[in-house]
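These numbers come from the heavy atoms of this one structure, side chains and all, not from hydrogens, waters or symmetry mates. All chains are named by letter (A, B, ...) in the order of the sequence lines, taking the proteins before the strands, and each is independently numbered beginning at 1.
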2 protein chains.
Amino acid sequence: MGNLPSLTSAEENYLKCIYHLSGGGKMLVSTNGIAAEIQTKPASVTDMLKKLQKKQVIDYYKYKGVNITRSGKLVALLIIRKHRLWEVFLVEKLGFHWDEVEEIAEQLEHIRSINLINKLDHFLGYPRVDPHGDPIPNEDGIIESKPKILLAKLTQDKEARFISVKNTSPIFLQYLDKLGLHLGSDLKVLDRNEFDHSLQIMINQGSTIFISRDVAENILVSEQ
Amino acid sequence: MGNLPSLTSAEENYLKCIYHLSGGGKMLVSTNGIAAEIQTKPASVTDMLKKLQKKQVIDYYKYKGVNITRSGKLVALLIIRKHRLWEVFLVEKLGFHWDEVEEIAEQLEHIRSINLINKLDHFLGYPRVDPHGDPIPNEDGIIESKPKILLAKLTQDKEARFISVKNTSPIFLQYLDKLGLHLGSDLKVLDRNEFDHSLQIMINQGSTIFISRDVAENILVSEQ
DNA sequence: TATGCTTTTTAGGCTAATCTAAATAATCTA
DNA sequence: TAGATTATTTAGATTAGCCTAAAAAGCATA
């Protein structure tokens, strides 16, 4: 039942990254993978891994890889909770567009106060997902998520709801807006083109559009 | 018209401190004074003063003292603007009590995004004062403030409004609540006691209470 | 104005987080 | 499986922000 270790902002960023790259703790993560994601050098990652190991939030096997511990997972989920709740605040209350919030939420997620985040949660009406459709962990770090599949893998003529995006870059999000693809839309694959793997999609039982394979592989949907 | 220099969080804290201690740029501030306020050692202050000098937000005269420059004042006022707007948010929207917000606002004031703070201002309805009664600078760093005097100095039998507090410690603020003294209350000094300099005060033309000299010297009022 | 006290600065070190360059371990491939 | 390639770690610097101890400047007063 020991208290969670307290981390610096830099340590929190590394831990969040390891959480994501390991698929929530399912696989070992490589030093180079972390370096690429955090945009730093492998040597810096090695330094940091030793610190995180000492704080017992990761299991670090030299030259082999790294995974997140049980308490590390809780810490990571709390950071993710903060990040996503702040994103909801920025979009719902302040009127930011969903492609502008990443950088600010990245800063806000490091504000230290459990009281603050729980009051924010209440103020926002206990949202279940952030503006990108990603689920928000509750106070105990429990995250509920329906099975999601790539739009690219969706069975033809089956209806599914646009739940989330894999890529959150402004360029991609703005392109989705231009295409008329929004979170929560009902999508159906009408046709697949062998030649370039592009898809013909129907949106909300209405308009149909063509999207490239690259787009289809960055959109997550849940069936029914 | 040059852009404002960008400062680290630590630099921002020093600058804000210098702004306050200098009375908004009116007097020279001493190294020891800053050290006492920031709770650090004089040697650390000297180090930081050199950095702030290089960024041209202060004028630093070795062994003599330090003052804030024109651009330093703008930077300081922007930090104060952020701090006070976040305090309003914490109290008005999240339901914090006014004695709990200092520590969190201290962190939030360093979040970098002008867009964010202006949207927050709009969301809050462009408040003029924070929960302690202190005025909030506008986007251009302009601060409007009515002349404030210490309750201890208020002419007897003259009405004045409780505008602000000098001391913002939770102990003091909680004591004020217990006494029934709230921001915005109308106050009148009914009597002064020679012996211990305590005052008899009428609140909102209703109840009367006795307050010590220490309390009276930490309450700011504006006449009329 | 010389002496002593206080304030301030300098010198040298420490930690966190980063870097480059070099060394070492792991893996791939012929 | 040996050599080459890639991944990872180590070694040694750097910067920001802090520290202690010692030196220097300013001041107060006899």
Side-chain angles (χ1 to χ4, degrees), chain A residues 4-19 21-22 27-68 72 75-76 79 106-107 109-112, chain B residues 4-19 21-22 27-68 72 75-76 79 106-107 109-112:
Chain A
L4 295 181
S6 92
L7 306 186
T8 66
S9 292
E11 287 169 341
E12 286 190 347
N13 285 335
Y14 275 89
L15 191 64
K16 195 178 56 150
C17 171
I18 294 167
Y19 180 86
L21 291 178
S22 69
M27 327 167 260
L28 281 183
V29 173
S30 74
T31 300
N32 270 4
I34 297 168
E37 188 74 13
I38 303 244
Q39 310 246 53
T40 184
K41 303 292 156 179
S44 308
V45 175
T46 301
D47 284 350
M48 185 57 89
L49 293 182
K50 289 177 188 163
K51 288 176 199 161
L52 293 175
Q53 166 92 293
K54 218 174 271 172
K55 296 199 176 180
Q56 315 202 17
V57 289
I58 60 168
D59 288 321
Y60 169 45
Y61 310 101
K62 254 196 204 177
Y63 290 104
K64 292 293 172 58
V66 68
N67 209 334
I68 199 159
V75 174
I79 303 164
E106 208 72 32
Q107 296 178 64
E109 74 187 6
H110 301 298
I111 302 291
R112 260 153 250 286
Chain B
L4 294 181
S6 92
L7 306 185
T8 66
S9 292
E11 287 169 342
E12 285 189 349
N13 285 335
Y14 274 90
L15 192 65
K16 196 177 56 151
C17 170
I18 294 166
Y19 179 87
L21 290 178
S22 69
M27 327 166 260
L28 281 184
V29 174
S30 74
T31 299
N32 271 3
I34 298 168
E37 188 72 14
I38 303 244
Q39 311 246 55
T40 185
K41 304 292 154 177
S44 307
V45 175
T46 301
D47 283 351
M48 185 57 89
L49 294 182
K50 288 176 187 164
K51 288 174 198 161
L52 293 175
Q53 167 90 297
K54 217 173 273 173
K55 295 199 177 181
Q56 314 202 19
V57 290
I58 60 168
D59 289 321
Y60 168 45
Y61 311 101
K62 257 195 203 179
Y63 292 104
K64 294 293 170 57
V66 68
N67 209 333
I68 199 158
V75 175
I79 303 164
E106 207 73 31
Q107 297 178 64
E109 75 188 4
H110 302 298
I111 302 290
R112 259 154 252 287

### Message
Looking at dT10(C), I'd like to know if its phosphate oxygens (OP1 or OP2) sit under 4.0 Å from a side-chain N or O belonging to K50(B).
### Response
yes
#### Entry: Partners passing side chain to side chain contact (heavy atoms under 4.5 Å, CB included) against N32(B) (at least two apart in sequence or in another chain)
S30(B), P42(B)
### Query
Does a nitrogen or oxygen in the side chain of Y60(A) sit under 4.0 Å from OP1 or OP2 of dT9(D)?
yes
### Query
Checking all strands, does S44(A) fall into the base, sugar-phosphate, or nothing category for heavy-atom contacts under 4.0 angstrom?
base
### Residue M48(A), side-chain heavy atoms: nucleotide from dT18(C), dC19(D), dC18(D) that is nearest
dT18(C)
### Task
Look only at the side chain of K55(B) and the backbone of S6(B), and say whether a donor-acceptor pair between them is shorter than 3.5 Å.
yes
### Side chain S22(A), main chain I18(A), donor-acceptor under 3.5 Å
yes
### dT6(C) phosphate, OP1 or OP2, under 4.0 Å from N32(B) side-chain N/O
no
### Under-4.0 Å side-chain N/O to phosphate OP1/OP2 contact, Y61(A) with dA26(C)
no
### Donor-acceptor pair, side chain of Q107(B) and main chain of I111(A), under 3.5 angstrom
no
#### Entry: T40(A), nearest nucleotide to its side chain (from dG17(D), dC19(C), dT8(C))
dC19(C)
### Query
Is any side-chain N of the basic residue among K16(A) and E11(A) closer than 4.0 Å to the acidic one's carboxylate O?
no
### Query
Reckon A43(A) touches a base, only the sugar-phosphate, or nothing at all at heavy-atom distances under 4.0 Å?
base
### Query
Should dA30(C) form a Watson-Crick or G-U wobble pair with both distances under 3.5 Å, which nucleotide is its partner?
dT1(D)
### Task
For the side chain of P42(A), starting at C-beta, report the closest nucleotide among dT9(D), dT9(C), dC19(C).
dT9(D)
### Task
Kindly say if T8(A) contacts the phosphate of dA17(C), meaning a side-chain N or O under 4.0 Å from OP1 or OP2.
yes
### Query
Which part of the nucleic acid, if any, lies within contact of K51(B), taking any heavy atom under 4.0 Å across all strands shown: a base, the sugar-phosphate backbone alone, or nothing?
base
### Query
How would you label the contact of T46(B) with the nucleic acid (heavy atoms, under 4.0 Å): base, sugar-phosphate, or nothing?
base
### Message
Can you tell me which nucleotide in dT10(C), dA26(C), dG17(D) comes closest to the side chain of Y63(A)?
### Response
dA26(C)
### Query
Nearest of dC19(C), dT10(C), dT8(D) to any side-chain atom of K62(B)?
dT10(C)
